[in-house]
Number of protein chains: 2
Amino acid sequence: MDGLTEMLKGTLEGCVLEIIGSEETYGYAITRRLNELGFADVVEGTVYTILLRLEKNGLVQVTKRPSGLGPPRKFYALNDAGREELATFWAKWEYITSRIDKLKEGGR
Amino acid sequence: MDGLTEMLKGTLEGCVLEIIGSEETYGYAITRRLNELGFADVVEGTVYTILLRLEKNGLVQVTKRPSGLGPPRKFYALNDAGREELATFWAKWEYITSRIDKLKEGGR
DNA sequence: CCTGGTACTCGGTATCACCAAGTACCACTA
DNA sequence: TAGTGGTACTTGGTGATACCGAGTACCAGG
């Protein structure tokens with residue numbers, strides 16, 4: 001399945017929020033997680049730009065820790081604003097999917 | 001519900017395809033249809049750019065007809081390529097929603 | 001050493017929806 | 001007959017987002 005990229009616009013950031021929200025983790029691992037979830041062609045560069053944005057928008061708390069097998073990792077955790085943003089994301093997701101499913105059912 | 005715009009990226013075009021696929025129709029009516037479906041802040045300009053793109057990509061057949069209460073309408077119908085594109089869109093949609101729902105369930 | 005896996009950064013590009021303003025056609029009304 | 005409002009399409013520019021590619025750096029094992 002390819003060419004998903006355009007459809008992920010706006011949702012990928014929410015996915016990253018969800019992942020961070022369930023466990024404090026770092027960019028490289030998030031990328032792997034997304035890949036194994038089925039978003040195979042999401043690459044590191046994309047995830048890092050999202051993480052930078054989250055940080056810039058004050059939704060996460062960042063902690064740098066040594067890795068042992070590579071450069072130090074930047075661990076991300078949600079703060080209150082981040083949790084709120086995550087809830088908003090899921091609300092929007094529900095809304096959109098319900099409308100589109102209705103459209104698909106031929107709802108008129 | 002606002003701020004849906006970014007999340008609609010890539011899906012709005014599919015919605016328009018679906019609407020056209022179910023009935024030959026025109027831009028203004030498509031906008032109204034999307035609005036009543038719950039995509040309240042989708043405006044005409046947006047729909048027209050999508051229609052132009054569909055036409056440019058050879059997914060639709062266009063017929064101009066007089067309106068009676070305004071300027072002539074451009075009616076859009078799917079051609080074979082358009083129907084194929086629509087099927088692809090739904091396949092992608094299924095794929096993405098299933099993955100994201102899995103993520104939401106805490107699937108790990 | 002040197003290859004390969006881990007881990008982050010940065011500059012540029014393409015796509016897509018939005019916005020704003022404009023054109024134009026018609027019916028109704030004052 | 002001038003004005004208003006609804007219908008209908010066009011166009012040029014903007015902003016957000018994900019992608020791509022190249023680069024830096026650290027470490028372990030052969």
Side-chain angles (χ1 to χ4, degrees), chain A residues 1-17 24-35 39-57 59-60 62-76 85 89 92 96 100, chain B residues 1-17 24-35 39-57 59-60 62-76 85 89 92 96 100:
Chain A
M1 182 73 61
D2 58 324
L4 299 176
T5 163
E6 285 310 326
M7 245 154 116
L8 283 177
K9 290 241 172 110
T11 61
L12 201 51
E13 177 174 322
C15 293
V16 171
L17 276 172
E24 187 187 39
T25 182
Y26 56 99
Y28 192 79
I30 293 170
T31 310
R32 293 292 145 267
R33 179 105 174 75
L34 286 169
N35 292 153
F39 303 110
D41 44 344
V42 172
V43 297
E44 294 159 40
T46 300
V47 174
Y48 289 115
T49 51
I50 291 174
L51 290 173
L52 265 296
R53 192 162 65 235
L54 294 180
E55 188 176 356
K56 199 185 73 179
N57 294 344
L59 302 175
V60 290
V62 187
T63 315
K64 194 174 246 180
R65 302 214 188 94
S67 152
L69 37 59
R73 296 165 175 164
K74 284 174 73 177
F75 280 83
Y76 293 84
E85 179 71 18
F89 166 73
K92 286 191 208 172
I96 289 189
I100 292 192
Chain B
M1 182 72 62
D2 58 325
L4 299 175
T5 159
E6 286 308 328
M7 245 153 117
L8 282 177
K9 291 247 170 104
T11 61
L12 202 52
E13 177 175 321
C15 294
V16 172
L17 275 173
E24 186 187 41
T25 181
Y26 57 99
Y28 191 79
I30 293 170
T31 309
R32 294 291 145 264
R33 180 105 173 73
L34 286 169
N35 292 153
F39 303 110
D41 44 343
V42 171
V43 296
E44 293 159 40
T46 301
V47 174
Y48 289 116
T49 52
I50 292 174
L51 290 173
L52 265 296
R53 191 162 66 237
L54 294 180
E55 187 176 358
K56 199 185 74 178
N57 294 343
L59 302 174
V60 290
V62 188
T63 316
K64 194 174 248 181
R65 302 214 188 93
S67 152
L69 37 61
R73 298 165 174 165
K74 283 174 72 177
F75 280 84
Y76 292 81
E85 180 71 18
F89 166 73
K92 286 192 206 170
I96 288 189
I100 291 192

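In the text below, chain A, chain B and the rest are named by the order of the sequence lines, each starting its count at 1. Values reported hereafter were calculated over all heavy atoms of this structure, with side chains retained and with hydrogens, waters and symmetry mates removed.
- Rounding to the nearest 0.5 angstrom, the gap separating the OH atom in A:Tyr76 from the CD atom in A:Glu55 is 5.0 Å.
- Rounded to an integer number of Å, the gap from A:Arg32 CZ to C:dA7 P is 9 Å.
- Between B:Val43 and A:Pro71, the residue anchored nearer the 5' end of DNA chain C, judged by the nucleotide with its closest heavy atom, is A:Pro71.
- No hydrogens or angles were tested; on distance alone, nothing pairs the side chain of B:Lys9 with the base of C:dT15 as donor and acceptor under 3.5 Å.
- Residue B:Arg53 places none of its side-chain N or O atoms closer than 4.0 Å to OP1 or OP2 of C:dT15.
- In this structure, B:Phe75 places its CZ atom 13 Å from C1' of D:dC9, rounding to the nearest Å.
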Chi angles and distances behind the side-chain contact (heavy atoms from CB on, under 4.5 Å) call for A:Leu17, A:Ile50: CA-CA 10 Å; A:Leu17 276 172; A:Ile50 291 174; over 6 Å; no
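- When the P atom of C:dC8 is taken as reference, atom CD1 of A:Ile30 falls 9 Å away, rounded to whole Å.
- The separation between B:Lys64 atom NZ and D:dC9 atom P is 9 Å, rounded to whole Å.
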side-chain contact (heavy atoms from CB on, under 4.5 Å) assessment of A:Phe89 paired with B:Met7: CA-CA 9 Å; A:Phe89 166 73; B:Met7 245 153 117; 3.8 Å; yes
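- A distance of 9.5 Å separates CD in A:Glu13 from CG in A:Leu51, rounded to the nearest 0.5 Å.
- One interatomic measurement links the two molecules: CD1 of B:Ile50 to P of C:dA17, which rounds to 4 Å at whole-angstrom precision.
- Between B:Ser67 and D:dT7 there is no side-chain polar atom (N or O) within less than 4.0 angstrom of OP1 or OP2.
- The shortest distance between the side-chain N/O atoms of B:Lys74 and the OP1/OP2 oxygens of D:dT10 is below 4.0 Å.
- Summarising the geometry, the separation between CZ on A:Arg33 and C1' on C:dA7 is reported as 19 Å, rounded to the nearest angstrom.
- Ranking D:dT17, C:dC8, C:dC18 by closeness to the A:Glu44 side chain, first place goes to C:dC8.
- For the pair B:Tyr48 and D:dC9, the criterion of a side-chain N or O lying under 4.0 Å from OP1 or OP2 is met.
- In this structure, A:Glu6 places its CD atom 12 Å from C1' of C:dT13, rounding to the nearest Å.
- Side-chain contact check for B:Asn35 versus B:Val42: some heavy-atom pair is nearer than 4.5 Å.
- Between B:Arg73 and D:dT7 there is no side-chain N or O to OP1 or OP2 distance below 4.0 Å.
- At C:dA17, none of the side-chain N or O atoms of B:Thr49 fall inside 4.0 Å of OP1 or OP2 (strictly under the cut-off).
- Between B:Leu12 atom CG and D:dT17 atom P the separation is 17 Å, expressed in whole Å.
- Phosphate contact (OP1/OP2 of C:dA17, side-chain N/O of B:Thr5, threshold under 4.0 Å): absent.
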